[in-house]
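The structure under discussion appears below in the form of C-alpha cells.
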Amino acid sequence: MPELSPRVGLFVTCLVDMFRPSVGFAAVKLLEDAGCTVEVPEAQTCCGQPAYNSGDTANARALALNVIAAFKGFAHVVVPSGSCGGMMVKHYPELFEPGTTDHEEALDLSRRTHELTSFLTRVMKVEKVEAEFPARATYHDSCSGLRELGIRNEPRKLLASVEGVSLREMTDSEVCCGFGGTFCVKYPGISDKMLEKKLRHIEATGADTLIAGDLGCLMNMAGKLKRVGSAIKVRHVAEVLAGDYGTPPIAEAE
Amino acid sequence: MDLGAANFKDNVGKALADDKLQHAMTETGPRFVYKRTKAREALPEFDRLRDQARDIKDHVLDHLDIYLEKYEAKVKETGGHVHWAETPDDARAAVLEICRKANARMVTKGKSMISEEIDLNQYLEANGITPVETDLGEYIIQLRNERPSHIIAPAVHLTRDQVEADFRRVHTHLDPKRDLTEIPSLVEEARGVLRQKYLTADIGITGANFLIAETGTSIIVTNEGNGDLTQTLPKVHIVLASIEKLVPTLEDATTILRVLARSATGQDFSNYTTFSTGGRRPGDLDGPIEYHVILLDNGRANVLGTEFQDMLRCIRCGACLNHCPVYNAVGGHAYGWVYPGPIGSVITPALIGIENAKHLPNASTFCGRCEEVCPMRIPIPKMLRHWREKEFERHLQPTSMRWGLGFWAWMAKRPKLYRKATALAARVLANQAHGKGRLKKVPLASGWTEFRDLPAPQGKTFHQLWKERRP
C-alpha cells in the first residue's frame, strides 16, 4: 500500500519552467490525483547537469547543494524528466567525497527522488489514470530515463490506461534523438543526422502524436518535425496522462 | 592518411556530406546491433560473464607489473623473445631489427590495431620492406591508403562498388572483363591474390587479443583464417601487443572470449581462435622458427591508477561503435586517429594528449548505449566526462561556451535573479513567436535554428503561474 498523502516536492526543471509550464501543472494534477500533497520550493533553479556535463564540477556541486537544501524534508522529490531525475538520483552522490555530510545528503536526496511516471507507478502504485486524450501515439524513450533510471514500461502502462490513446512502437525507440543538452548546438550537423533517423522511425509508425518524458528531447524532435512541415503533434507524457489536450502541442500555434 | 583528431569538426562536415559513406553506415550499424541482441538473449549468463570479465581485467590492471614479468619469463621459457617498447619509435625499431636479421623483403600481416597505432606499414615501406595486409577489410583499406574506420570491420565505411573499383585499379594482372558484381567474387579475388603472398612472406606479423601470463601464450581471434596463415607459414612470427592485453590464465581468457565475439559480431565464437606458444619445437611439422612479442606501452602505464584506468579493460570488440548514434552518423574516420567511436574518444586523448583531441570527449550526447553494451562494463560516459573536466581545468573549451555556461551557472546560483531573468526571457521569446508557437531564427542560437525551429515558451514561467494560481 502506498503511503497516505505524502508530502511531495516538485522539481520543475528549467525547461518546463521557462518553456512549458503546462507540463508542470499536468504533473501537479497527476500527483494530487494520486493522493500527494504537492509543494514547489521557490529556491530551486537548475539541477546543474549542464555544468556537470561540461566538466565544471565546482558549479555542478554548488547547484546540487542548492537543490539538496531546497528539497530538505520532503518525503519524495518528483521530476517530470528522466534527465534531471538521473542527474539527481545517479550523479549527485558522485559529486561529493564519500564520508562527508554533503555526500550523505546527496545520497539521501537521491533515495527520495523519482521521475514522474516511475513515481506514480512504483511508489504510489497507480495502475491507471482517469483521462481522455485522442492520439494515435508513439513513445520515444529518453536516454537518461531509460538507461540511468530503468524507465520503460512505466509511461507505456499509464498511457495505455488513457481513453483514446493507442500506442504503436517505433523502431529504435531507445536510440538517442540527438538532443544531448549542449551537444545539439555544439555539433548541430551530427545532431541533425540523428534527428533525421529518428524522424524516419517516427513517421513510419503512422502515429499522429509523438510522446516522451523529457522536454529537451521533445523540443528537439518537435523543432525538427515543424521545420520539415510535419503534422505530427508532440507532447510531454504528463500532458497526455493529465488529459490536457487544450494546450497547443509543442511548437504549435495557439 | 591522418585526418587528425584535432580537425574533428571539419571531418564531420565531410562525413555528413559523403553519400557513399552515409549509405554504407546505414547498411551495417543495425545489423551488428541485431546480431548482438540475439546472441545475448541466447546466453542467460551473459551479464554475469560480463561481471567476471571486468573483475579479471581489474585484477590484472591492479597487478600488471607482476603479470608482465611472469609472462615474459614464460615466453622465454618456451623459446620466444620479448621486446619492451615504451614508445611507437621503440616498437618500430624492434620490428625493423627483426626484419633486418631475417633479411625480410615482404611481411604478411594479420589484423592489428597496434600496427595502426605505431604507423608500421608506412615505416616498413620507407625501409624497403613490403607489408601486405591479409585481413580482407585491412587489405582493402591498404589499397586505398586509409586507416580502419572501425576496430573490427576496418572497411565498414565503403560500399561494394568502391571495393570493386579498387580491385580493378590494383589487380591489373587479372582479366579486365571479369565479373565482380557480387561480394563473394570480391572475396575470392582477394583470396587468390593473398594466397601467393602467404607463401612468399619472410615474416608474419599479427596482433593479439590476449596474452596469457601462466603459459606465455598469445591468442588471436579471426573469422577469415588469415591470421593463422600469417603466423604459421613464414619462418618468423612477430606479435604486436599492448601491455594491457595480459590475463593471468587460459581459463580467464576463455571467460572473456565468451563475451568477446557475442559483443562484436553476435557470433558465439569467432571462426578461428588461435593459440601461439613459442616457435616451432623439435618434432613440430610446421610453425615459425622464431617467435617474437613486442610489448607496447605508449602511455598506457600512465593511465594506471588514474580515473581513466577502466579504459584499459577494453578488448576491442567494437560494440560501443556499433551502438553509438554519433559513430553511425559520421563513421570512424571523422575521429581522426586510430581508435574511433566512444571508446576511441576515451583512449585517443590518453595516448595523443587531450589538447590534440579536444572535440572527441564532447561529441557525445551521453546517451549511455556504449556503457550498456560494453562487455567489460567500461563506464564510457563517465570517462568522457572526466576528459571534459580536464578540458575545463585547462581552459581548452571554446571561450563562448565557457562564458555562456559560466554566466548561466552564476544566475542559477541566485534563485531570485534567475526567476526574473527566466521570466523576461520567456516573455520576450513568446512575443517574438507572434502566436505561431515557434521561432525560425533566434539571435545567438544558430546552432539550434540551423536545422530546427525553436519551440516558443508559453509566455509565463511555471513559477510565475504557480504564485498566481496557488498564492
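Chain identifiers are assigned alphabetically (A, B, ...) following the order of the sequence lines, protein sequences preceding nucleic acid strands; residue numbering begins at 1 within each chain.
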**Request:** Answer yes when B:Asp453 and A:Lys226 have at least one side-chain N-carboxylate O distance shorter than 4.0 Å, and no when they do not.
**Result:** no
**Item:** Distance-minimising heavy-atom pair for B:Ala363 and A:Phe183
**Value:** C-CE1, 3.8 Å
**Prompt:** Relative to chain A, which segment of B:Glu393 carries a heavy atom at a distance below 4.5 Å: side chain, backbone, both, or neither?
**Reply:** neither
**Reported SG-to-CD distance for the pair B:Cys367 and A:Glu148, which is rounded to 0.5 angstrom** = 10.5 Å
**Item:** Residue A:Gln44 versus chain B: region with a heavy atom under 4.5 Å
**Value:** both
**Request:** Using non-hydrogen atoms and a 4.5 Å limit, figure out which bit of B:Ser446 sits close to chain A: side chain, backbone, both or neither.
**Result:** neither
**Prompt:** Is a side-chain donor-acceptor pair under 3.5 Å present for B:Arg385 with A:Asn53?
**Reply:** yes
**Prompt:** Is B:Gln458 reaching over with its side chain to a backbone N or O of A:Ser22, donor-acceptor style, under 3.5 angstrom?
**Reply:** yes
**Item:** Minimum-distance pair of heavy atoms, taken over all atoms of B:Pro415 and A:Ala43
**Value:** CG-O, 3.4 Å
**Atom group of B:Leu465 that falls short of 4.5 Å from chain A, counting heavy atoms** = both
**Request:** Please look at B:Glu391 and chain A and tell me whether the side chain, the backbone, both or neither of the residue comes under 4.5 angstrom of a heavy atom of that chain.
**Result:** neither
**Message:** For the backbone of A:Gly55 and the side chain of B:Arg388, can you confirm whether one donor and one acceptor N or O come within less than 3.5 Å of each other?
**Reply:** no
**Message:** Given heavy-atom pairs under 4.5 angstrom as the criterion, report whether the side chain, backbone, both or neither of A:Val12 touches chain B.
**Reply:** side chain
**Engaged part of B:Trp387 at the chain A interface, taking heavy atoms whose separation is under 4.5 Å** = neither
**Prompt:** Given that the side chain runs from C-beta out, which part of B:Ala423 has a heavy atom under 4.5 Å from chain A: side chain, backbone, both or neither?
**Reply:** neither
**Request:** Tell me whether the guanidinium CZ or amine NZ of B:Arg469 lies under 6.0 angstrom from the six-membered ring centre of A:Phe25 and within 45° of its axis.
**Result:** yes
**Request:** For the pair B:Lys467 and A:Glu42, find out whether any cationic side-chain nitrogen is under 4.0 Å from an anionic carboxylate oxygen.
**Result:** yes
**Message:** Under a 3.5 Å cutoff, is there a donor and acceptor pairing between the side chains of A:Asn59 and B:Lys413?
**Reply:** yes
**chain B contact via A:Thr247 - side chain, backbone, both or neither, heavy atoms under 4.5 Å** = side chain
**Contacting moiety of A:Val234, where chain B heavy atoms sit under 4.5 Å** = neither
**Request:** Mind listing the closest non-hydrogen atom pair of A:Val175 and B:Pro325 along with its distance?
**Result:** CG1-CB, 4.2 Å
**Prompt:** Do NZ/NE/NH1/NH2 and the carboxylate oxygens of A:Glu32 and B:Arg470 come within less than 4.0 Å?
**Reply:** yes
**Minimum heavy-atom distance B:Tyr418-A:Cys14, with the two atoms named** = OH-CB, 3.2 Å
**Item:** Proximity breakdown for A:Arg20 and chain B, heavy-atom pairs closer than 4.5 Å
**Value:** both
**Asked** Of the backbone (N, CA, C, O) and the side chain (C-beta and beyond), which part of A:Phe19 lies under 4.5 Å from a heavy atom of chain B, both, or neither?
**Response** both
**Request:** Can you tell which part of A:Ser54 gets under 4.5 Å to a heavy atom of chain B, answering side chain, backbone, both or neither?
**Result:** both
**From B:Gln464 atom CD to A:Met18 atom CE, the distance as rounded to the nearest 0.5 Å** = 11.0 Å
**Complete:** Whatever's closer than 4.5 Å to a heavy atom in chain B on A:Leu10 counts as side chain
**Asked** So, B:Arg452 side chain and A:Leu195 main chain: donor-acceptor pair closer than 3.5 Å or not?
**Response** no
**Prompt:** When you check the gap from the basic side-chain N to the acidic O, do B:Arg369 and A:Glu174 get nearer than 4.0 Å?
**Reply:** yes
**Asked** Would you call the rings of A:Tyr187 and B:His359 parallel, tilted or perpendicular if under 30° counts as parallel and over 60° as perpendicular?
**Response** perpendicular
**Request:** May I ask you to name which of B:Met411, B:Arg419, B:Lys390, B:Lys460 has the most heavy-atom pairs under 4.5 Å with chain A?
**Result:** B:Arg419
**Item:** Under 4.5 Å from any heavy atom of chain A - which part of B:Leu429
**Value:** side chain
